[in-house]
Amino acid sequence: MEIRQLNSFVKIVEMQSFSKAAEALGYTQAAVTIQIRQLEQEFNTRFFDRVGRHVVLTPPGREFLSYANEILRKVSDVHVALGNPQLQTHALRIGSLESLLTYKLPDVIRHFYEHSPEISFEIKTGSPKELSDMLEHNLVDLVYFLDRRVYDSNWIKILEEPEPIIFVASPEMEIANQHSVHLSDLCTLPFFLTEKNSNYRYALEQDLAAERMSIRPFFETGNTEILIRLIKENKGISFLPKFAVQEDLNNGSLKEIKVGDFEMTMYRQIFYHKDKWVTDEMKAFIDLTKEGRL
């Protein structure tokens, strides 16, 4: 077993492709294939299965990944101890919902820029399901999303904070100024909504369906900022995390519609995989999380 074989193995997991891993590492695909074949022969097992255009870890491969990450971490520690920190990659990859990227992550990115400019920051956005897949395939170091409470034996949770999801509208709308509103009162109004794969929209539609009700989306987009701008300018309403509209609620450009027979709370959550090599950059991010910066 050689360090270059372990590097190739981890890169294939990250890229889900032998050819992309070879290109990223500066090898030919044949060289990477030989390295993995040698590892598999050494341990008398198979580490990868091919599914469509991608390769995925077998159960032995998943177990081996934790050992490979630990060995590479130790090698990196030796380089640092011997005065060669430049051999570390200094990269941090975060998977996030677009709304969290817009409203929660800028201060953290600014902190890293001011205090650790040598770190390369990469943010990937997606739905909670897409982010979960990224974490499982080592495409990101940590994921940050808003959902019902999530529990997974393979994940380490470092943040769980409740966030109300609320109905909001322009103060010019009559319903925004009523003291007693029922969920059924909203169903005839035009909604400006996030896309169907948005977790809180899906949860709302499921709750409505249970009561044999539904809402009428007039406009749909994955961009929360556009939604907020449109409901300020038009006569529709939206259903959004309170943190995304808090500033507008404070300055009076939007109002929360108080619905007496409905409420929803989801949780901002941050995870990393239990088999992940926790880099110094990840530790710094985790420390900021513990300080309440996220």
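Note that these values count all heavy atoms, side chains included, but never hydrogens, waters or copies made by symmetry. Counting begins at 1 with the first residue of the sequence.
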[atom1]/[X]: more than 12 non-hydrogen atoms of other groups inside 6.0 Å:
{"X": "Glu174", "atom1": "CD", "answer": "no"}
{"X": "Lys258", "atom1": "NZ", "answer": "no"}
{"X": "Glu211", "atom1": "CD", "answer": "no"}
{"X": "Glu98", "atom1": "CD", "answer": "yes"}
{"X": "Glu263", "atom1": "CD", "answer": "no"}
{"X": "Glu63", "atom1": "CD", "answer": "no"}
{"X": "Phe243", "atom1": "CZ", "answer": "yes"}
{"X": "Tyr202", "atom1": "OH", "answer": "no"}

Exercise for review: Test Lys20 against Glu14 for salt bridge (Lys or Arg N to Asp or Glu O under 4.0 Å), laying out the working first.
Suggested key: CA-CA 10 Å; Lys20 291 180 180 178; Glu14 177 184 335; over 6 Å; no
Less than 4.0 Å between a side-chain N and a carboxylate O, is that true for [Y] and [X]?
{"X": "Asp133", "Y": "Lys129", "result": "yes"}
{"X": "Glu160", "Y": "Arg268", "result": "no"}
{"X": "Arg110", "Y": "Asp107", "result": "yes"}
{"X": "Lys232", "Y": "Glu172", "result": "no"}

- In sequence, state the C-alpha distance, the side-chain angles, and the governing distance for Glu220 and Arg201, and then conclude on salt bridge (Lys or Arg N to Asp or Glu O under 4.0 Å). CA-CA 11 Å; Glu220 300 171 284; Arg201 174 179 170 179; 2.4 Å; yes
(message) For Phe64 together with Phe9, are the ring centres under 6.0 Å from each other?
(response) yes
Do the ring centers of Phe145 and Phe271 come within less than 6.0 Å of each other? yes
Only one of Glu42, Gln35, Gln38 passes side-chain hydrogen bond (donor to acceptor under 3.5 Å, both in side chains) with Gln5, and that residue is Gln38
Between Trp155 and the options His273, Gln269, Glu136, the side-chain hydrogen bond (donor to acceptor under 3.5 Å, both in side chains) test singles out Glu136
Check: Which class fits the ring pair Phe167 and Phe239: parallel under 30°, tilted 30 to 60°, perpendicular over 60°?
Finding: tilted
Just say parallel, tilted or perpendicular for the rings of Phe192 and Phe219, cut-offs at 30° and 60°.
tilted
| request: Test Phe285 against Asp287 for side chain to side chain contact (heavy atoms under 4.5 Å, CB included), laying out the working first. | output: CA-CA 5 Å; Phe285 186 90; Asp287 287 342; over 6 Å; no
Heavy atoms, side chains only, cut-off 4.5 Å: are [X] and [Y] in contact?
{"X": "Leu249", "Y": "Ile166", "answer": "yes"}
{"X": "Ile257", "Y": "Ile175", "answer": "yes"}
{"X": "Val55", "Y": "Ser17", "answer": "no"}

Checklist line | Geometric cation-pi criterion Lys157 and Tyr151, 6.0 Å radius, 45° cone | finding: yes
Is there a donor in the side chain of Thr58 and an acceptor in the side chain of Asp49, or the other way round, less than 3.5 Å apart? no
*Modelled atom types, side-chain donor and acceptor of Glu247 and Asn251, under 3.5 Å*: no
